[in-house]
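Below, read A as the first sequence line, B as the second, and so on, with proteins coming before strands; counting in each chain starts at 1. All values reported here derive from a predicted model rather than from experimental measurement.
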2 protein chains.
Amino acid sequence: MSMTQQEADFASRIEAESMQNPVYTGVEHAILEQRLPPGTRLAEAELAEFYGVSRTIVRAGLQALAHSHLVTLRPNRGASVANPSPREAREVFEARELLEPRSAREAALHAGRADIRALRLHAQEEHDAMSRNESGRALRLSGRFHVMIAQIANQRTIAEIIENLVSRSSLIIALYWTRSSTRCDEGCHNALIEAIARHDADEAEDLMRSHLVELHSALRFDVSDTSNLTLKDMLSQ
Amino acid sequence: MSMTQQEADFASRIEAESMQNPVYTGVEHAILEQRLPPGTRLAEAELAEFYGVSRTIVRAGLQALAHSHLVTLRPNRGASVANPSPREAREVFEARELLEPRSAREAALHAGRADIRALRLHAQEEHDAMSRNESGRALRLSGRFHVMIAQIANQRTIAEIIENLVSRSSLIIALYWTRSSTRCDEGCHNALIEAIARHDADEAEDLMRSHLVELHSALRFDVSDTSNLTLKDMLSQ
DNA sequence: TTTATTGAAAACGTATACAATCTGCGGATC
DNA sequence: GATCCGCAGATTGTATACGTTTTCAATAAA
């Protein structure tokens, strides 16, 4: 097998199958935007009808989502949106605090002009979503910002791990978030971009660490309620 | 949803589906023992016949293996054992060097008597496998040793990430390993157990770090050949 | 009122059928 | 001799059928 083949494999051909599965992409999108709250039941037939595919495709998508910890599968009981425990929530943020500061450092060292432009553009999109009160979209974009930094750090393996942890954070925030707005994100993210643009590795690392600690400390592990819209409502748009 | 339910979910009900899929467990086992070298084609019909299940089960198992980066899926071209690039190999070990020393530290702090007994027993099994010249088995057990430490550290999220990185390391070693034996493992692992038994966190962390650096430095990224046994031969026993 | 039972409907698990795509070889063409 | 079709066989992709399990409401008993 040639090296180009090998590199192509590594460039995430692995996920290609999932990424063009409408169930995977649609449900993931809805979870990241908190339109599908934790615990929501995901009946196979309902998803099959909504996306116009057979249950075969639905099951493949749900299995992929289960591997990302966004969905829980229980034998003979079907799928539901994952419901991370307080312990899992704490562990996910501990893992992020271990990995992301180093990624921010590497990003500051490796970022090119195009990377910084992309980050600024993304921050603008986040800002727009916030000002239009599209809080779900804002949350998803906020997560993607962290993934972008990990990708700029040019360590695909770790970037992939971070991407997964960030996705799970959306569910954790849905369950345990106390503050009404994510406005702190805007300042933190902008400060991070400036540090990266200056190639100030120490500052980027510190900013990322404190940003994550702040997020983590805003979680409260008491009860939370789930509303009851229909599955179709939550997937639409 | 009750808290016990939630905790049960987190206790990896997610992987339960995969773990009782004979294709997943069988092919994973064979890859970890290097009976299935990188690049080996995994035809669905062949696996279906060997395990006595339908292609439905085979496909589910292969998709799960692809998510673990042990198998590569290419649309309309089928599955083959993953062929990690030098870059991926480097990144996997970099990630391990970032995560595992901290896990060893936590394991030293948290290990109970039962944990230490299990580690010693496991080291004995590793030793036995080596002395019986079952190098594949020895390699798989050596990987499991690292996973055990991560589990003792009591951080399931990170333990799961490490488990995945360790699995991929078996493929990397198959491709890029230069030394004939893994005898260095035996000494390193025993020293680690003693440090953990003494609850010497600093020592455990250092030993793990140097162990991983040693493994990493024994990789050579030039050509390598793949033999050509039949799939059935490699899966048997 | 509460609890237990039970049976029908709904949902999941697996196998299989068929369509779409790829592979490899033989033959035609240049 | 090399290259380019083109078809047959093999392989993967998707839908569907059917058996099994679960769910839930209606009924009966305590």
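- By the salt bridge (Lys or Arg N to Asp or Glu O under 4.0 Å) test, Glu125(B) pairs with Arg137(B), sequence neighbours left out.
- A search for side chain to side chain donor-acceptor pair (under 3.5 Å) contacts involving Arg117(B) returns nothing, not counting sequence neighbours.
- Atom-to-atom, CG of Asn21(B) to P of dT14(C) comes out at 8 Å; the value is rounded to the nearest Å.
- Of the residues in residues 54-62 of chain B, those lying under 4.0 Å from DNA chain D by heavy-atom distance are Arg55(B), Arg59(B).
- Annotation: side chain to side chain donor-acceptor pair (under 3.5 Å) contacts of Ser169(A) (sequence neighbours excluded): Arg96(A).
- In terms of the salt bridge (Lys or Arg N to Asp or Glu O under 4.0 Å) criterion, Arg77(B) has no residue partners (sequence neighbours excluded).
- Nucleotides of DNA chain D that come within less than 4.0 Å of any heavy atom of chain A span, from the 5' end to the 3' end, dG13(D) to dT23(D).
- Looking at residues two or more places apart in sequence or on another chain, you find no salt bridge (Lys or Arg N to Asp or Glu O under 4.0 Å) involving Arg102(B).
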Review point. What is the per-nucleotide protein-contact pattern of nucleotides 5-11 of chain C, from the 5' end, where B denotes a base atom under 4.0 Å from a protein heavy atom, S denotes such proximity for sugar-phosphate atoms only, and - denotes neither?
Key: ------S
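- Partners of Glu134(A) by side chain to side chain donor-acceptor pair (under 3.5 Å), not counting sequence neighbours: none found.
- In this structure, the side chain to side chain donor-acceptor pair (under 3.5 Å) partners of Gln155(A), at least two apart in sequence or on a different chain, are Glu94(B).
- For Glu126(A), there are no salt bridge (Lys or Arg N to Asp or Glu O under 4.0 Å) partners two or more places apart in sequence or in a different chain.
- Rounding to whole angstrom units, CG of residue Asn76(B) and P of dA20(C) are separated by 12 Å.
- Here His122(A) and His189(A) keep their ring centres 6.0 angstrom or further from each other.
- Remark: His216(A) engages Phe93(A) in a ring-ring contact (aromatic ring centres under 6.0 Å, His included) (not counting sequence neighbours).
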